Amino acid sequence: MTFITTELPLYEDPHYRYSINLEGQSRSLTFYWNSRTATWHLDWKNPDGTVVILGLPLVPQHPLIADYQLDAYGITGYLLLLPNADGRDDPLMDLVTVPQFYKLFYIYEEVE
């Protein structure tokens with residue numbers, strides 16, 4: 001059993017999008033800051049525009065999408081937002097600073 005971990009880039013822009021290869025497939029990810037809820041959100045689409053997830057709040061130290069049944073989209077892993085090793089104790093600090101104080105990972109089990 002081998003787990004593959006891919007770090008997903010985070011930026012300070014309040015709204016940005018990029019494509020990344022996860023589990024051998026291109027994925028389109030859109031990140032945006034919602035000032036009303038003071039939370040970062042994620043939209044995940046396949047390159048053909050098929051919606052996989054919309055409006056997923058980025059919650060630190062919780063296996064995001066682990067409870068979703070996304071096998072039909074070729075997604076078997078989960079996302080994990082972890083604080084950097086910068087000495088901060090509060091994982092729920094002001095998340096507007098996510099790129100400075102957090103790292104986002106996609107983790108899945110490699111099928112052998």
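Along the sequence shown, residues carry numbers from 1. The structure presented is a predicted model; accordingly, all values stated were derived computationally and were not measured.
Nearest approach of Pro63 to Tyr78, heavy atoms of both residues: CB-CD1, 3.7 Å. The two residues Asn34 and His41 make their nearest non-hydrogen contact at CB-CD2, 3.6 Å.
Residue Tyr68 is grouped with residue Val52 when hydrophobic side chains (ILVMFWY) are merged at heavy-atom distances under 4.5 angstrom, including chains of intermediate members. In this structure, Ile65 is a member of the same hydrophobic cluster as Phe3, with clusters built from ILVMFWY side-chain heavy atoms closer than 4.5 Å.
Counting only heavy atoms from C-beta outward, the side chains of Ile53 and Leu70 approach each other to under 4.5 Å. Counting only heavy atoms from C-beta outward, the side chains of Gln61 and Leu82 approach each other to under 4.5 Å.
Atoms CD and CD1, on Gln69 and Ile75 in that order, are 12.0 Å from each other to the nearest 0.5 Å. Rounding to the nearest 0.5 Å gives a distance of 11.5 Å between CG of Leu8 and NZ of Lys103. For the atom pair CG (Leu42) and CG (Leu56), the distance works out to 5.5 Å, reported to the nearest 0.5 Å. Taking OH of Tyr102 as the start and CG of Leu10 as the end, the distance is 11.5 Å to the nearest 0.5 Å. Between Trp40 atom CH2 and Leu104 atom CG the span is 11.5 Å, to the nearest 0.5 Å. Of the inter-residue distances, the one linking Leu54 atom CG with Lys45 atom NZ reads 6.5 Å to the nearest 0.5 angstrom.
More than 12 heavy-atom neighbours from other residues, nucleotides or ligands sit within 6.0 angstrom of CD on Glu7.
Not counting sequence neighbours, Asp67 has no partner by the side chain to side chain donor-acceptor pair (under 3.5 Å) test.
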Expected list for residues 20-32: side-chain donor-acceptor pairs under 3.5 angstrom, two or more places apart:
{"unit_1": "Asn21", "atom_1": "OD1", "unit_2": "Gly24", "atom_2": "N", "d": "3.2"}
{"unit_1": "Asn21", "atom_1": "OD1", "unit_2": "Gln25", "atom_2": "N", "d": "3.0"}
{"unit_1": "Glu23", "atom_1": "OE1", "unit_2": "Thr76", "atom_2": "OG1", "d": "2.7"}
{"unit_1": "Glu23", "atom_1": "OE2", "unit_2": "Thr76", "atom_2": "N", "d": "2.9"}
{"unit_1": "Glu23", "atom_1": "OE2", "unit_2": "Thr76", "atom_2": "OG1", "d": "3.4"}
{"unit_1": "Glu23", "atom_1": "OE2", "unit_2": "Tyr106", "atom_2": "OH", "d": "2.3"}
{"unit_1": "Arg27", "atom_1": "NH1", "unit_2": "Asn46", "atom_2": "OD1", "d": "3.1"}
{"unit_1": "Arg27", "atom_1": "NH1", "unit_2": "Tyr73", "atom_2": "O", "d": "3.0"}
{"unit_1": "Arg27", "atom_1": "NH2", "unit_2": "Tyr73", "atom_2": "O", "d": "3.4"}
{"unit_1": "Arg27", "atom_1": "NH2", "unit_2": "Gly74", "atom_2": "O", "d": "3.1"}
{"unit_1": "Tyr32", "atom_1": "OH", "unit_2": "Asp43", "atom_2": "OD1", "d": "3.0"}

